[in-house]
There are 4 protein chains.
Amino acid sequence: MLTGGYNEQRVIIHMRYKEPGKETAILHAAIKVFAEQGYHKAQISRIAEHAGVATGTVYLYFGNKRDILLKIFGEMWAVVAKQWAAIANDTGLTAEGRLDALIDVVFDVCAPQPELAILLANEHSLLLHNHREIFPKEYDQALEIAQKIIIDGVTKGVFDKDADLTFLRHFIIGGMREALHQWSINPKEIQLGDIRRHAKRTLKHGILSH
Amino acid sequence: MLTGGYNEQRVIIHMRYKEPGKETAILHAAIKVFAEQGYHKAQISRIAEHAGVATGTVYLYFGNKRDILLKIFGEMWAVVAKQWAAIANDTGLTAEGRLDALIDVVFDVCAPQPELAILLANEHSLLLHNHREIFPKEYDQALEIAQKIIIDGVTKGVFDKDADLTFLRHFIIGGMREALHQWSINPKEIQLGDIRRHAKRTLKHGILSH
Amino acid sequence: MLTGGYNEQRVIIHMRYKEPGKETAILHAAIKVFAEQGYHKAQISRIAEHAGVATGTVYLYFGNKRDILLKIFGEMWAVVAKQWAAIANDTGLTAEGRLDALIDVVFDVCAPQPELAILLANEHSLLLHNHREIFPKEYDQALEIAQKIIIDGVTKGVFDKDADLTFLRHFIIGGMREALHQWSINPKEIQLGDIRRHAKRTLKHGILSH
Amino acid sequence: MLTGGYNEQRVIIHMRYKEPGKETAILHAAIKVFAEQGYHKAQISRIAEHAGVATGTVYLYFGNKRDILLKIFGEMWAVVAKQWAAIANDTGLTAEGRLDALIDVVFDVCAPQPELAILLANEHSLLLHNHREIFPKEYDQALEIAQKIIIDGVTKGVFDKDADLTFLRHFIIGGMREALHQWSINPKEIQLGDIRRHAKRTLKHGILSH
DNA sequence: CATGAATGAGATTTCATTCAT
DNA sequence: AATGAATGAAATCTCATTCAT
């Protein structure tokens, strides 16, 4: 998602022209520093240092500190929303398969950068709470797609008809956020595959044995 | 929870002692201000104003800003741990009944002050992440008790034996935190009882119809 | 004008309560530093240093840097407007006497602090130009009173009926500003009394001999 | 005034030389931007934009921001000094005619670009005050010529022998600066010819009727 | 104990200036 | 000569904390 891809080559050709690679570098550095220190204690100068640019350069690419965080979440939810949309439109999937796929997407987005999961756990709620009006619309789009998938499952009788949509989507987001957070703190000791499996199981069948 | 309780008497006996009513007032004010503005943007002077005391007075009861937040979570988790312990020791309950009761406790703690749920959603993770070493031990105690209850349920064959404890406790905490957060934003429109019911249902049976 | 007067005594009694003397000290320091370095190059920290307070203290008394300059001009023009009003209402004066008195007031205001004349010359125009909407209303009041006095003089046939009011008031302000500025640069070598006399003479009779 | 004049030819002969048209464009842009925003708030990048060149190009023609302002005033006063010198040497003029001519020159210089009058009012004093040592010598030359003209008028008995030269030259400059400033703010509503006439009248005969 | 004026360290942000292309 | 992305020094303003009264 946040990688520069083919643009890296352009850098070699035009070193003095605004490089897309630099915006990416700053975003990656910001994810790391925000995750380590928390958004408020994180200093722009440290982000710049990690990105290998000067402090002022950050302001060539982002209006202010908050915009960096908004951009991070914006890009993340854009990826999620896009993939969730593909799942919703995939007629080859059962309702249950769609639910599994939904969960996989979230895990896949965080897998390459555990720090993103920390941000999700630590800063997402607060930013949403304080700046709902400017929060990336991609987040709402993602929630809507998820809701559609659940409704479809209920209609088809696969999901329990008593399931409350508003509750569920927040419960799922919250539960997975916390689980991912635990993993991100020590990604090597906890197997992401295990969490993934547990998440699906618990969401689908609950904790009671049957 | 956060009231001074029996301490009120101390005031009468020794007028020179710190007035417990003020500590409580400051804690209540802090919950409100922290929830409204977020921990970092909240100003001590505003907390003092809401509590009806002078800025300096806050520092007679708390060492610094962070201690206030730690105290809030400490008191909250102490109440939860205490009641969860009672549930764990209540031999008259089934495993499933205990799970229901666990959930009820969390809701009951947040019910009188929706702002507490906002704090739980917005600041708990970050504080835990940055200051695990000084985070109130009551939180760990509560988690341990919950774990015990779940193990007991698994042993008795009521809870699925594949349920992962570490995962579950975080998943439950996270899911409920987010659900409570939604409610706290608009406590009048959403019925707490509904969320409570959905939470229990989902946790126990999952989202698939059976 | 900007002196603390009797308030100095209160300082001795309540050293820790917001002293009016401090606001005055900051204003005096600001006049000095603004005059020396120019408004934009002047640092708040240097003003604080000159005033014998900490940097943050400046912000207890003034919202921001610009407010300090606005307050300086506001107080200055308030004094001028008040004394000009007294002159306008003094029925014992001839029109010519009023003109003389007008000029004397401006000189008297600047006499105790030559730096004020430097500010008048260097920063007044720019501030007025950039922030006409928030510029102290006392300035406009003063101009209106001056205009009234001139109209009266014209009506009585003492002042030339061809004199243009708008032009005159700006011409007078500008001319005196520049003259005061020259004096303020080296107050000891140039006699203020001389400038005062020349200003009156030139304004009244012009430069041609008669 | 600020046009390249004969330099245009250089361009044709040696294409490699700096294009005089660009220096002129930058100066014109600077007058506009400095007048609009004030010297300190004006950004080089904005001046470059108005001039139709890149930011870095500005530094090919001027050492730094301050040099641009110095150059503007230098060119302006060079024109004034040159024309004032011609007036001083014109034996066909009376002393009074010379005074009129002096004033006309200042108005003629500002007439084509009202923004120059704004700069004169807002930035001239401050720059002179802070950088007397590097201020364009053309300004001093102009003042000296004016002084000579006045002395001549006094000698011939046309100007009042009590007129103080130092005072007068500053008073006149200041008065006219302010008057021009008023005009420049709204050049269409106020007739420059009117101000010109009033300025001459007031300076010569004063405000008293005779 | 209570007060609240005073403190001053610290961080974001701006923008004149540079320099590789 | 021209470009404009990059630089990084510098300064305003905030606010947790202190402490004299």
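The analysis underlying the following values was restricted to heavy atoms, covering all of them including side chains, and did not include hydrogens, waters or symmetry mates. Just so we're on the same page: letters track the sequence lines, and every chain starts at 1.
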> Before you tell me yes or no, could you show the steps for C/V53 and C/Y61 under side-chain contact (heavy atoms from CB on, under 4.5 Å), namely the whole-Å CA-CA distance, both residues' side-chain angles and the distance that decides it to 0.1 Å?
CA-CA 11 Å; C/V53 299; C/Y61 294 90; over 6 Å; no
> Side chains of C/E123 and C/I72, heavy atoms from C-beta outward: is any pair under 4.5 Å?
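Result no, sub-4.5 Å side-chain heavy-atom pair not found.
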> With sugar-phosphate meaning primed atoms plus P, OP1 and OP2, does C/V53 contact a base, only sugar-phosphate, or nothing at under 4.0 Å between heavy atoms?
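Here C/V53 touches the backbone only, sparing every base.
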> Using a cut-off of less than 4.0 Å, is there contact between a side-chain N or O of D/K22 and OP1 or OP2 of F/dA2?
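Yes, within the criterion.
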> Can you work out whether B/N64 or A/T55 has the more 5'-proximal nearest nucleotide on DNA chain F?
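It is A/T55 whose nearest nucleotide is closer to the 5' end.
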> Nearest whole Å is fine: how far is E/dA16 P from D/L69 CG?
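Checked: the CG to P distance equals 13 Å.
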> Ignoring hydrogens, what is the shortest heavy-atom contact between A/I31 and A/Q113? Give both atom names and the distance.
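Smallest heavy-atom distance, with atoms named: CD1-OE1, 3.6 Å.
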> Expressed as a whole number of angstroms, how long is the span from D/E49:CD to E/dA16:C1'?
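From D/E49 CD to E/dA16 C1': 16 Å.
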> For the residue pair A/H124 and A/F135, establish whether any side-chain heavy-atom pair is separated by less than 4.5 Å.
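With C-beta onward as the side chain, the pair touches.
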> Write down the atom of D/I47, the atom of D/F34, and the distance for their closest heavy-atom approach.
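Scanning both residues completely, I find the closest heavy atoms to be CD1-CE2, 3.8 Å.
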> Side chain of C/L60: nearest nucleotide among F/dA6, E/dC15, E/dT7?
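Closest nucleotide among those given: E/dT7.
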> Report the distance from atom NZ of C/K41 to atom P of F/dA9, rounded to the nearest whole Å.
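Spelled out: NZ on C/K41 to P on F/dA9 is 18 Å.
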> Between F/dG4, E/dT7, E/dA2, which one does the side chain of D/A54 approach most closely?
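So the side chain of D/A54 is nearest to F/dG4.
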> Which of these nucleotides, F/dT12, F/dA5, E/dA6, is closest to any side-chain atom of C/Y61?
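Of all the options, the side chain of C/Y61 is nearest to E/dA6.
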> Tell me the interatomic distance from D/K65, atom NZ, to E/dT14, atom P, rounded to whole angstroms.
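Rounded to whole Å, this separation is 15 Å.
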> In this structure, how many angstroms lie between the P atom of F/dC15 and the OH atom of B/Y39, rounded?
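After rounding, the reported distance stands at 13 Å.
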> When you measure from the side chain of D/I44, which nucleotide among F/dG4, E/dT17, E/dT13 comes out closest?
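Of F/dG4, E/dT17, E/dT13, E/dT17 is nearest to the side chain of D/I44.
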> To the nearest 0.5 angstrom, please state how far the NZ atom of C/K71 sits from the CE atom of C/M76.
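One finds 15.5 Å between NZ of C/K71 and CE of C/M76.
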> With a 4.0 Å limit, can you tell me whether D/Y59 has a side-chain N or O closer than that to the phosphate oxygens OP1/OP2 of E/dC19?
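No.
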> Which part of the nucleic acid does C/A48 contact within heavy-atom distance under 4.0 Å: base, sugar-phosphate only, or nothing?
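Nothing, no nucleic acid heavy atom in range.
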> Dot-bracket for DNA chain F, please. Rules: Watson-Crick or G-U, both distances under 3.5 Å, ( ) within the strand, [ ] when a pair crosses earlier ones, | for another strand, . otherwise.
.||||||||||||||||||||
> Using the closest heavy atom to pick a nucleotide of DNA chain F for each, name whichever of A/V58 or C/H40 lands nearer the 5' end.
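The answer here is A/V58.
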> Round to the nearest Å and state the distance from A/Q37 atom CD to E/dG10 atom P.
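The answer, rounded to whole Å, is 14 Å.
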> Examine distances only and state if a side-chain atom of A/K65 and a backbone atom of A/Y39 form a donor-acceptor pair shorter than 3.5 Å.
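Here the side-chain-to-backbone pair exists.
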> Rounded to whole Å, please give me the gap between CD in C/Q43 and C1' in F/dC13.
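Going from C/Q43 (CD) to F/dC13 (C1'), I get 14 Å.
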> Please lay out, stage by stage, how D/E49 and D/Q43 fare under the test side-chain contact (heavy atoms from CB on, under 4.5 Å).
CA-CA 10 Å; D/E49 199 181 19; D/Q43 292 164 233; over 6 Å; no
> Check the distance between F/dA6's C1' and A/E23's CD and give it to me in whole angstrom.
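Checked: the CD to C1' distance equals 15 Å.
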